[in-house]
Amino acid sequence: MLYLGKYPSCKVHSRLLIAAFFTDYRKKAGEMMLRVILELFRIITIIFVIGMIMGLIIHSIYAIFGITVENTTGGWIVGMAIFPLLYVLYKNRLQFSGFYKNGKQVKLSNRTTTILLCSSVLMLTVAPLFR
């Protein structure tokens, strides 16, 4: 028991203060957990939906040039090239419009963004060679 003063009424106030703190803390923790779960669901949805759209666009561009990478190693390389693109998109734009708000959310540095985008473009360029 926490004792905040020399009068008996202080014991009651201290108990109420502690109970109010932990009740509020549990409510905030539960709300934060819900926001994290919703954000994870949002990330998974972004990966599937936007990833499929990107894959469709990339395969359509390859089809214009008469290149087929489906069911080959090149198809896997195209799939792996989409992930850095999605990561850059999420970290630089989409994380700021989600359910989870945190003061520690920052954009990727320009150097990191450039490296990830160049590696994706390189993988997309090299993918047709692995038929």
Side-chain angles (χ1 to χ4, degrees):
M1 177 171 71
L2 181 64
Y3 183 66
L4 296 176
K6 56 184 174 179
Y7 301 106
S9 64
C10 289
K11 290 180 184 178
V12 174
H13 292 299
S14 64
R15 287 181 186 165
L16 290 175
L17 184 70
I18 292 170
F21 172 75
F22 283 116
T23 302
D24 190 45
Y25 179 75
R26 273 189 251 137
K27 186 189 299 183
K28 287 181 182 178
E31 183 179 315
M32 185 61 70
M33 184 62 77
L34 179 64
R35 288 180 182 270
V36 168
I37 291 170
L38 287 173
E39 187 66 22
L40 288 173
F41 180 72
R42 181 174 174 261
I43 291 169
I44 291 168
T45 305
I46 287 169
I47 289 172
F48 282 120
V49 173
I50 297 178
M52 283 190 283
I53 292 170
M54 285 179 161
L56 179 66
I57 291 169
I58 292 167
H59 285 293
S60 298
I61 291 171
Y62 283 157
I64 290 171
F65 293 111
I67 300 169
T68 303
V69 292
E70 297 168 358
N71 299 325
T72 63
T73 307
W76 283 94
I77 294 173
V78 169
M80 295 308 293
I82 290 173
F83 283 113
L85 295 172
L86 288 172
Y87 182 71
V88 169
L89 177 67
Y90 180 79
K91 286 295 284 184
N92 288 345
R93 298 283 180 202
L94 299 177
Q95 77 173 337
F96 302 109
S97 64
F99 297 104
Y100 183 70
K101 302 291 184 198
N102 188 357
K104 298 178 183 177
Q105 294 174 328
V106 294
K107 289 183 176 183
L108 293 173
S109 68
N110 288 336
R111 183 173 185 221
T112 304
T113 301
T114 304
I115 290 170
L116 288 172
L117 292 179
C118 287
S119 66
S120 288
V121 170
L122 179 68
M123 284 190 278
L124 290 173
T125 306
V126 173
L129 301 175
F130 290 94
R131 290 193 223 175

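- Hydrophobic clustering of Ile, Leu, Val, Met, Phe, Trp and Tyr side chains at less than 4.5 Å, counting indirect connections, unites Y90 with I57.
- Contact between L86 and M54 at its shortest, heavy atoms only, is CD2-SD, 4.0 Å.
- In terms of heavy atoms, S120 sits closest to P84 at OG-CB, 3.2 Å.
- In terms of hydrophobic clustering, with Ile, Leu, Val, Met, Phe, Trp and Tyr side chains grouped at heavy-atom distances under 4.5 Å, I47 and I37 are assigned to different clusters.
- Note on L124: it clusters hydrophobically with I61, by side-chain heavy-atom contacts below 4.5 Å among ILVMFWY residues.
- The CD1 atom of I64 lies 7.0 Å from the OG atom of S60; values are rounded to the nearest 0.5 Å.
- Considering every non-hydrogen atom in both I67 and P128, the closest pair reads CG2-CB, 3.7 Å.
- Note on I53 and L117: same hydrophobic cluster, where clusters join Ile, Leu, Val, Met, Phe, Trp and Tyr whose side-chain heavy atoms are under 4.5 Å apart, directly or indirectly.
- For the atom pair CD1 of I58 and CG of L85, the computed distance is 6.5 Å after rounding to the nearest 0.5 Å.
- To the nearest 0.5 angstrom, L38 atom CG is 10.5 Å from T45 atom OG1.
- In terms of modelled atom types and a separation under 3.5 Å, the side chain of Q105 and the main chain of K91 share no donor-acceptor contact.
- Checked against R42 for a side-chain contact (heavy atoms from CB on, under 4.5 Å), the options I44, L40, I46 give a single hit: I46.
- The residues R35 and E39 are annotated as not salt-bridged, no charged nitrogen and carboxylate oxygen being separated by less than 4.0 angstrom.
- Between the CG atom of L122 and the CD1 atom of I77 there is a distance of 9.5 Å, given to the nearest 0.5 Å.
- More than 12 heavy atoms of other residues, nucleotides or ligands lie within 6.0 Å of CZ in F96, so this atom counts as buried by the packing criterion.
- Among V69, T72, V126, the one residue that satisfies the side-chain contact (heavy atoms from CB on, under 4.5 Å) test with V78 is V69.
- Here the shortest heavy-atom pairing between K107 and Q95 reads N-NE2, 4.3 Å.
- Following chains of ILVMFWY side-chain contacts shorter than 4.5 Å, one can reach Y62 starting from M80, so the two form part of one hydrophobic cluster.
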